[in-house]
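Naming: A, B, ... by sequence-line order, numbering from 1 per chain. Quick caveat: nothing in here was measured; it's all calculated off a predicted structure.
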Amino acid sequence: CAPELCILLKMDEDEDDADWDTSSGSSAPASTGGGCSDGSRRVVLHFDLDCFYAQVEMVRNPALRDVPLGVQQKYIVVTCNYVAREYGVTKLMSVTAAKEKCPQLVLVKGEDLTHYRETSYKVTELLMSYCPLVERLGFDENFMDITEIVNGKIREAPVTDYCFSGHVYNCQAAGVRASEYPRLAVGSQIAAELRGALHSRLGLTSCAGIASSKLLAKLVSGAHKPNQQTTLLPKYTGDIIGSLTGLRQIPGIGYRTGEKLKALGLLAVRDLQVFHLAALAKEFGEANAQRIQNLAHGIDESPVTPSGPPQSLSDEDSFKEISTVTETVKKLEDLLTSLLERMHKDGRQPSTFRLTIRRFSSTDRWFSRESRQCPIPIHIGQKVISGSSEALPQLVSIGIKLFHKLIDTSAPFHLTLMNVCFSNLLSRRDTKGSIKSFFTAKSPSRQDKKVTRVSSSTARNVFFFLFVFIYLFIYLFFSSLLDEIVQHKPSVLLEAVPIVRLKVVERRHKGEMLPSQQKKIPDFLLPEHIQKEIIPTFHTAVFQHIPPVESRPGAMCSLHDHPLSTRDTEGLNVPRPSSLGVNAACPPNVDPRVFSELPPDLQQELLSEWKQQKPVLKIPSKKVVKGGSTKEKKTTGQPSQANNLLKYFKPN
DNA sequence: CAGGGGTGAT
DNA sequence: ATCACCC
Ligand SMILES: Nc1ccn([C@H]2C[C@H](O)[C@@H](COP(=O)(O)OP(=O)(O)OP(=O)(O)O)O2)c(=O)n1
Ligand SMILES: [Mn+2]
Ligand SMILES: [Mn+2]
């Protein structure tokens, strides 16, 4: 095993987080550290807003505070406030059933998610202002890994007198020996502080769970329901897992898995805990079997993964019936108008467009959706950014083509849903990028992560094989799709998987255009090309796995010093740990600690690469904005702050 | 298997 | 492109 591989692999591993397992005899992973009572575990927070959509409506209209309130989407009550819940109204109840339970129920329409989405990002942003390691789940939940913050606090300001804020699972709050769990106790104080901030700054109440993993934090956050928080001590892991009344209550076990497990005769959590792993693996595969059985034991090592800005924006509408092309086009226009507005405000450039439909069929084989997607030509994507009014008709036109790929309009059709989605969202860095951007000190943007993942967890000598394998897989199963992509304009290739993108970027740099009739995938399989690619991607992997210092759990800022602070929107991308007294020749765009561990030949490569790129970086990109007069019909409002990676996390 | 969203794996 | 998961 090459040294550099060991480094990278090590960083891929999670911290030891083996949770206390009360159950007997099963092949749970061995607990790693063994010894210490509190020391090596993570401290993870989970926040969940109370009756989220209803609460947003109550903030907008305080008169709704004291009445039973439901939020209605079409004919279902998607959620309701706690006044309504006392009448027996539940989430996802039909309007008629809800009105039966509570005739005075006040309903507000909630099909438009704008206000909920905006509030949602304000919450995430406020949490991130305290600690950037925040992962969103849906619109109303956030995980936060505060391990390093807690460790730092205890190190700097050791206290003899720890105590918990809020509930402690299975315990009388007062009587807990908090000093035995200093890290969880501190975690509960932080959770309380953050919930207080959410309330004072945004007027929102929430629940929180404090535990050593995402799974347990999430499970325990619901132990005391509105506007409260609960800490789970390790010794009660078995209890909270045991309190679950069905496998479906385990996050990660959904409808399908639940049904498959039922077919295997498994109903209770205990059944899954003790089921023969090999038998489980037959249904779910080795890795998945282990994962869900671990969940049943309360073991979850998955890291808190910062969410960043969304990967896709979509808009949809359901309806009784659309059966004419005219109606279809009108609906397409409406959806796209709204989506384009959101995309424009986002500022990134969409490079993929997808149209999804649902067809009517009575007593459906539980209705599935069908979709077609295509790349968005660059010139149209740019009009979306600039807000040109030309974007709408051109995308409608593309949408109609996709529609015809889905529906044979010479026969009758009956739609009940349409969805439009922009994905493959390119930030400025991604669009301006040439091959040079791969060597920048900035951590790779999410667009490029797939490539770095592969290369980082794989030895170089294995990479060739893997690459060929991946290519063959893509080619065999998606060849028709890729053929279609290649048929179109060359720019179209930008929408493909990052592996493809890297290739294309290089080609365009060299000024080579792809012959449009080139139906086969270009010479991807040629060893020379592959070898050329391995080196750069390997380098980016080195950067990738050294998180920017500001985004590591330890880095924090005081809530009270900078509440809702106006952070540099690029702040998260400025890595650079201060020098740790290592190799003097370390290039400034590489973490010195990593650099010093690399084998000499790789150090050489990085150094020479840096020297070559340095002058090049000074040269402004030749982004000649064609003369004065473009024939833009009209660009709306703000020039869409394109470069802001985190406009989603700004105050207001 | 309801509404209107999101994520990642295959 | 679909499936499975989450809210
Ligand atoms: N299938 C679902 C589940 C949830 N939501 C929306 C409505 C909820 O308001 C919000 C948050 O979901 P929760 O499950 O957290 O429910 P609430 O926040 O409404 O209530 P609670 O106080 O129980 O958390 O997500 C939705 O639209 N469709
Ligand atoms: Mn929730
Ligand atoms: Mn909630």
task: Verify the contact: side-chain N or O of A:R248 to OP1 or OP2 of C:dA4, cut-off strictly under 4.0 Å; return yes or no.
output: no
message: Taking any heavy-atom pair under 4.0 Å as a contact, classify A:D315: base, sugar-phosphate, or nothing.
response: sugar-phosphate
task: Look at all strands and tell whether A:T257 reaches a base, only sugar-phosphate, or nothing, counting heavy atoms closer than 4.0 Å.
output: sugar-phosphate
query: Within this structure, what is the CG-to-C1' distance between A:L417 and B:dG4, rounded to whole angstrom?
result: 9 Å
- request: Looking only at side-chain atoms of A:Q73, point me to the closest of C:dC7, B:dG4, B:dG8.
  value: B:dG4
message: Work out how far the C1' atom of B:dC1 is from that of C:dC3, and round it to whole angstrom.
response: 14 Å
query: Quick one: which of B:dG4, C:dA4, B:dG8 gets closest to the side chain of A:R256?
result: C:dA4
field: Comparing A:S312 and A:R358 on DNA chain B - which has the more 5′ nearest nucleotide
entry: A:R358
query: Base, sugar-phosphate, or nothing for A:G252, non-hydrogen atoms under 4.0 angstrom?
result: sugar-phosphate
message: Can you see if the side chain of A:S314 gets near the phosphate of B:dG6 - specifically, an N or O under 4.0 Å from OP1 or OP2?
response: yes
- request: Please determine which of A:L335, A:V420, A:I400 meets the side chain to side chain contact (heavy atoms under 4.5 Å, CB included) test together with A:L355.
  value: A:V420
- request: Among B:dG4, C:dA1, C:dC7, find the nucleotide with the atom closest to the side chain of A:Q373.
  value: C:dA1
message: Without decimals, in angstroms, what is the distance between A:N419 CG and C:dT2 P?
response: 13 Å
query: Within the pair A:R342 and B:dG6, is there a side-chain N or O less than 4.0 Å away from OP1 or OP2?
result: yes
query: For C:dA1, does OP1 or OP2 lie under 4.0 Å from any side-chain N or O of A:R372?
result: yes
Rounded interatomic separation in angstrom, taking CE from A:M418 and C1' from B:dG5: 17 Å
query: Given A:T337 and A:E341, is the side-chain hydrogen bond (donor to acceptor under 3.5 Å, both in side chains) satisfied, shown in steps?
result: CA-CA 6 Å; A:T337 299; A:E341 201 172 308; over 6 Å; no
query: Base, sugar-phosphate alone, or nothing: which one does A:L49 contact when heavy atoms must sit under 4.0 Å apart?
result: nothing
- prompt: Contact class for A:Y75 vs. all strands (heavy atom < 4.0 Å): base, sugar-phosphate, or nothing?
  reply: sugar-phosphate
Rounded distance in Å - CG (A:L339) to C1' (B:dG5): 12 Å
message: Considering only residues two or more places apart or on different chains, which pairs with a residue in residues 71-80 of chain A satisfy side-chain hydrogen bond (donor to acceptor under 3.5 Å, both in side chains)?
response: A:K74-A:D317, A:T79-A:R85
- request: Just call it for A:R291: base, sugar-phosphate, or nothing, with non-hydrogen atoms closer than 4.0 Å on any strand.
  value: nothing
- line: Looking only at B:dG3, B:dT7, C:dC6, the nucleotide nearest the A:K218 side chain is C:dC6
message: For A:Q311 and A:I76, find the nucleotide of DNA chain B closest to each by heavy atoms; which residue's nucleotide sits nearer the 5' end?
response: A:I76
- prompt: Per the side chain to side chain contact (heavy atoms under 4.5 Å, CB included) rule, which among A:P306, A:P310, A:S120 passes with A:R136?
  reply: A:S120
- request: Send over the distance from A:Q249 CD to C:dC5 P, rounded to a whole Å.
  value: 16 Å
Sugar-phosphate only, base, or nothing, as touched by A:R354 at under 4.0 Å among non-hydrogen atoms: base
query: What is the distance, rounded to the nearest whole Å, between atom NZ of A:K91 and atom P of B:dG4?
result: 19 Å
field: Any A:S368 side-chain nitrogen or oxygen under 4.0 Å from OP1 or OP2 of C:dT2
entry: no
message: Holding to side-chain contact (heavy atoms from CB on, under 4.5 Å), I want the full list of residues that pass it with A:D334, two or more places apart in sequence or in another chain.
response: A:K330
query: Can you find a side chain N or O atom of A:R117 that sits less than 4.0 Å from OP1 or OP2 on B:dG6?
result: yes
- line: Separation of B:dG3 atom C1' from A:F52 atom CZ, nearest Å, is 16 Å
message: By nearest atom, which of the nucleotides B:dG4, B:dG6, C:dA1 is closest to the A:L313 side chain?
response: B:dG6
task: For A:E370, report the nucleic acid contact type (base, sugar-phosphate, nothing); a contact means any heavy atom under 4.0 Å.
output: sugar-phosphate
field: Touch class at under 4.0 angstrom, heavy-atom based, for A:E316 against every strand present
entry: base
query: For the side chain to side chain contact (heavy atoms under 4.5 Å, CB included) test, which of A:V59, A:N81, A:V83, A:L69 pairs with A:L64?
result: A:L69
- request: Please state how far atom CG in A:L137 lies from atom C1' in C:dC6, giving the value in whole angstrom units.
  value: 5 Å
message: Do A:K214 and A:F143 form a cation-pi contact, if we require the NZ or CZ to be under 6.0 Å from the six-membered ring centre and within 45 degrees of the ring's axis?
response: yes
